[in-house]
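Residue numbers begin at 1 in each chain, while the letters A, B, ... track the order of the sequences.
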There are 2 protein chains.
Amino acid sequence: MAEAPLYDDSLTIALLRARDAVTAPFREHVAEAGLTLQQWRVIRALAGGFELDTTTLSRRCVILPPSLTRMLRFLSEQGLVEQVPASDRRQRVVRLTDQGQQLFDRMWVTSQEKYAAIEAAFGTDETRQLVETLNRFRACLESQDHA
Amino acid sequence: MAEAPLYDDSLTIALLRARDAVTAPFREHVAEAGLTLQQWRVIRALAGGFELDTTTLSRRCVILPPSLTRMLRFLSEQGLVEQVPASDRRQRVVRLTDQGQQLFDRMWVTSQEKYAAIEAAFGTDETRQLVETLNRFRACLESQDHA
DNA sequence: ATGATTTAATTCACATGTTAAGTATTTTAC
DNA sequence: GTAAAATACTTAACATGTGAATTAAATCAT
């Protein structure tokens, strides 16, 4: 009975659900360390001593600048991130503190294990092909819009 | 120089970016009508006279119940949605008002056109295959977690 | 039938998403 | 060298995401 009409955005819904499914185990993992997924993305982008400005972080982590401003304030207060001087004084360049790097080190192995479990479940080749398809899809749409 | 380490969540990032790319034209379209993408998803789920409860809406639109509560308050205030009596008085069952249905009718054609443009750009078969792959991926992960 | 359990939705508190406007710094053009 | 334009980030305001606690109603067990 009463079936919904065909969605014009089945793709959008499928992307949302896929993201929910794939992030679930990571969300749980980082929550145990008192972090959100977004905060973890920032920490990982900085792991290994990288010093990045807000714009670069925003692109790599797919987090909008206003959110990053708030997040960096929080991460600084937690002693996980610190600011470093930048030649261009408009920029805000940050890096992990020792404490931040240690937190990363503690979480990284488990994080990788969870990702490996996903690849194992869906298939390594299929997983990589999905990532490739998604990136090609995005590139395709973005080149269309800029026309 | 200074390349970031390999992400363990390239899949998460790819999903986020793909979603950003695919929703961009729709976001612009619905904003002209004073709606957000999420509000538009709810309106479309109700279009055609369907009467749905919060739980069903939450699943179909991939919007968590607390967000739906706020959104339904807003949509009611705008006169787009109205509540209908439910046999189970715990449930909140809603439907579109005439005004809501008219808004949907005005937006639907353009919305479909934009989706058709995406399919045309990436390829009809490839787009459908991507949706199929995403759904299969999600089903795979969810069956893993319930183990 | 009554009390315990489950279910549906809401509220709360806080984090993030999103757009527009604002501020400080740098670059460009002249 | 200085004013205009561009850049990097922040702030503000509001919408949504998220998990935990709460409330009300239905179901279950006895």
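- Contact annotation for A/Thr36: backbone-only contact, meaning every heavy-atom pair under 4.0 Å involves sugar-phosphate atoms and none involves a base.
- Screening B/Leu57, B/Val93, B/Val84 for a side chain to side chain contact (heavy atoms under 4.5 Å, CB included) involving B/Leu52 leaves a single residue, B/Leu57.
- A salt bridge is defined here as a Lys NZ or Arg NE, NH1 or NH2 lying under 4.0 Å from an Asp or Glu carboxylate O, and A/Glu132 with A/Arg128 fails to meet this definition.
- Note: CG (A/Asp88) to P (D/dT10) measures 13 Å, nearest angstrom.
- Each of B/Pro66 and A/Gln91 was assigned the nucleotide of DNA chain D with the nearest heavy atom; the assignment lying further toward the 5' end belongs to A/Gln91.
- Summary of the strand contacts: B/Val93 and A/Phe74 both lie near DNA chain C, and taking for each the nucleotide with the nearest heavy atom, the more 5' one is attributed to B/Val93.
- Contacts of B/Ser87 with the nucleic acid, taken as non-hydrogen atoms under 4.0 Å apart, involve only primed sugar atoms and P, OP1 or OP2.
- Side-chain contact check for B/Asp125 and B/Gln129: no donor-acceptor pair (N or O, by modelled atom type) lies under 3.5 Å.
- B/Arg70 contributes a side-chain N or O that forms a donor-acceptor pair with the base of D/dG17 under 3.5 Å.
- The residue B/Leu68 sits apart from the nucleic acid: no heavy atom pair falls under 4.0 Å.
- The side chain of B/Arg27 places an N or O atom within less than 4.0 Å of a non-bridging phosphate oxygen (OP1 or OP2) of C/dT18.
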With sugar-phosphate taken as primed atoms, P, OP1 and OP2 and all else as base, the protein-contact string of nucleotides 1-7 of chain C at under 4.0 Å (heavy atoms; B, S, -) is ------B

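- Counting only distance, with no hydrogens or angles, the side chain of B/Thr124 and the backbone of B/Ala120 share no donor-acceptor pair below 3.5 Å.
- Comparing C/dA9, D/dA26, D/dT16 by their closest approach to the side chain of B/Ser67 singles out D/dT16.
- Salt-bridge check for B/Glu142 with B/Arg138: passed, with a basic side-chain N closer than 4.0 Å to an acidic carboxylate O.
- For B/Arg89, taking side-chain heavy atoms from C-beta onward, the closest of the listed nucleotides C/dA9, C/dT26, D/dA25 is D/dA25.
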